[in-house]
Protein chains: 2
Amino acid sequence: MVITSVDIAKASDILKLLGDKTRLSMVKTLDSEDVCVCEFVALYEMSQPAVSQHLRKLKDFGLVNEKKRGQWKIFSLNKESEYYPFVQSLLAHLPSQEDRLAELAQKGLRISCE
Amino acid sequence: MVITSVDIAKASDILKLLGDKTRLSMVKTLDSEDVCVCEFVALYEMSQPAVSQHLRKLKDFGLVNEKKRGQWKIFSLNKESEYYPFVQSLLAHLPSQEDRLAELAQKGLRISCE
DNA sequence: TCTTTATATAATTAATTGCTTATATAATAA
DNA sequence: TTATTATATAAGCAATTAATTATATAAAGA
């Protein structure tokens with residue numbers, strides 16, 4: 001396994017970004033599936049603007065990509081980011097969030113737009 | 001390699017703690033050598049109370065240990081912490097801080113108290 | 001003893017953060 | 001067209017953060 005080096009200042013910026021449980025959970029969730037804004041709103045007890053603002057921060061760091069699908073905005077993890085290996089090594093220690101997405105699907109709150 | 005799991009809330013707290021370049025640098029530095037407070041004061045352009053406060057936060061999380069040696073307080077990384085594997089996987093991506101310690105030694109600013 | 005050195009703690013403050021509400025835009029549905 | 005749904009942005013605010021200065025304590029040295 002090749003370990004890419006990230007300078008301290010940039011690394012601490014990324015850790016600060018991920019040092020918020022909502023954003024960290026978002027990134028871990030995106031590690032298994034693409035998710036749209038309204039699904040995140042259903043997933044967290046938080047207003048839609050709050051969710052949008054968290055996602056914007058993740059995007060500003062280039063950690064996630066977004067694409068428009070009809071009225072929905074779908075977010076995905078940017079595996080091309082130079083910081084992806086760094087982030088990935090963190091995510092490996094976190095519990096999978098797939099059950100939370102499954103729960104959402106069971107409530108009929110997942111969108112389908114492919 | 002066994003990967004230990006850390007829950008999202010605790011992980012985000014640790015990432016927030018390390019999401020400060022001074023504290024992140026301290027932890028990376030301690031990954032190679034034990035360091036006392038006055039050495040950190042020499043290492044960072046920051047007052048002694050600021051350094052003490054950062055070290056206290058690291059200690060409150062159990063990430064570092066301290067021991068008294070005469071008038072000095074020596075800090076070390078707590079490799080017994082349940083979060084050490086998580087932290088270690090981050091540190092692996094950061095550049096070594098050993099040259100900064102060497103520079104300090106060259107200026108005669110390293111203490112010797114063993 | 002008195003002074004110096006190393007450290008910790010408390011009070012203060014400026015900057016940052018993460019939410020809220022209000023509002024605007026764009027796409028879809030009726 | 002009008003209403004609804006999904007999203008983004010702006011303004012405001014309370015809480016948190018990271019530094020500072022001032023001060024206290026303890027150990028070492030003269």
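Labels below follow one simple rule: chain letters A, B, ... track the order of the sequence lines, proteins then strands, and each chain is numbered from 1.
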request  = Nearest-nucleotide wise, let me know which of A/Cys36 and B/Ala50 is further upstream toward the 5' end of DNA chain D.
outcome  =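 The residue whose closest nucleotide sits nearer the 5' end is A/Cys36.
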
remark   = Note: for A/Cys38 and B/Glu45 on DNA chain D, the residue whose nearest nucleotide lies more 5' is A/Cys38

query = Do B/Thr29 and B/Glu33 have side-chain atoms, one donor and one acceptor, less than 3.5 Å apart?
reply = no

key: Side chain to side chain, A/Phe40 and A/Leu55, heavy atoms closer than 4.5 Å   =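 Yes; the side chains approach each other to less than 4.5 Å.
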
Send over the distance from [X] [atom1] to [N] [atom2], rounded to a whole Å.
X: A/Ile74; N: D/dA6; atom1: CD1; atom2: P; result: 12 Å
X: A/Gln71; N: D/dT4; atom1: CD; atom2: C1'; result: 9 Å
X: A/Leu55; N: D/dT9; atom1: CG; atom2: C1'; result: 14 Å
X: B/Gln48; N: D/dT21; atom1: CD; atom2: P; result: 12 Å
X: B/Arg69; N: D/dA28; atom1: CZ; atom2: P; result: 12 Å

note = Note: for A/Met46 and A/Lys68 on DNA chain C, the residue whose nearest nucleotide lies more 5' is A/Met46

Honestly curious: do [X] and [Y] fall in one hydrophobic cluster under the side-chain, below-4.5 Å linking rule?
X: B/Trp72; Y: B/Val51; value: no
X: A/Met46; Y: B/Ile8; value: yes
X: A/Leu109; Y: A/Val37; value: yes
X: A/Val64; Y: A/Ile74; value: no

Examine distances only and state if a side-chain atom of [X] and a backbone atom of [Y] form a donor-acceptor pair shorter than 3.5 Å.
X: A/Asn78; Y: A/Gly62; answer: yes
X: A/Gln97; Y: A/Pro95; answer: yes
X: A/Tyr44; Y: A/Ala50; answer: no
X: A/Lys28; Y: A/Leu91; answer: yes

query = Of B/Val35, B/Leu63, B/Asn65, which is the lone residue that meets side chain to side chain contact (heavy atoms under 4.5 Å, CB included) with B/Leu30?
reply = B/Val35

request  = Have a look at the helix from C/dT1-D/dA30 to C/dA30-D/dT1 and give the angle its two end axes make, five pairs each, rounded to 10 degrees.
outcome  =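 Nearest ten degrees gives 10° for this helix.
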
note = The complete set of side chain to side chain donor-acceptor pair (under 3.5 Å) pairs with one or both residues in residues 5-24 of chain A, sequence neighbours excluded, reads A/Arg23-A/His54

query = Considering only heavy atoms, which members of residues 100-109 of chain B lie under 4.0 Å from some atom of DNA chain C?
reply =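 Contacts with DNA chain C under 4.0 Å: none.
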
inquiry  = Show, in sequence, the C-alpha distance, side-chain angles and deciding distance for A/Glu39 and A/Arg100, and conclude whether the salt bridge (Lys or Arg N to Asp or Glu O under 4.0 Å) test is met.
reply    = CA-CA 11 Å; A/Glu39 291 171 324; A/Arg100 299 194 61 191; over 6 Å; no

ask   = Which residues within residues 6-23 of chain B lie with some heavy atom under 4.0 Å of an atom in DNA chain D?
value =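 Heavy-atom cutoff 4.0 Å gives B/Lys16, B/Asp20, B/Arg23.
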
query = Taking only residues two or more places apart in sequence, or in another chain, which ones meet A/Ser96 in a side chain to side chain donor-acceptor pair (under 3.5 Å)?
reply =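 Listed in chain order: A/Glu98.
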
request  = Would you grab the first and last nucleotide of DNA chain C (5' to 3') that comes under 4.0 Å of any non-hydrogen atom in chain B?
outcome  = C/dT5 to C/dA10

query = If you look at every strand shown and take non-hydrogen atoms under 4.0 Å, does B/Lys57 touch a base, only sugar-phosphate, or nothing?
reply = sugar-phosphate

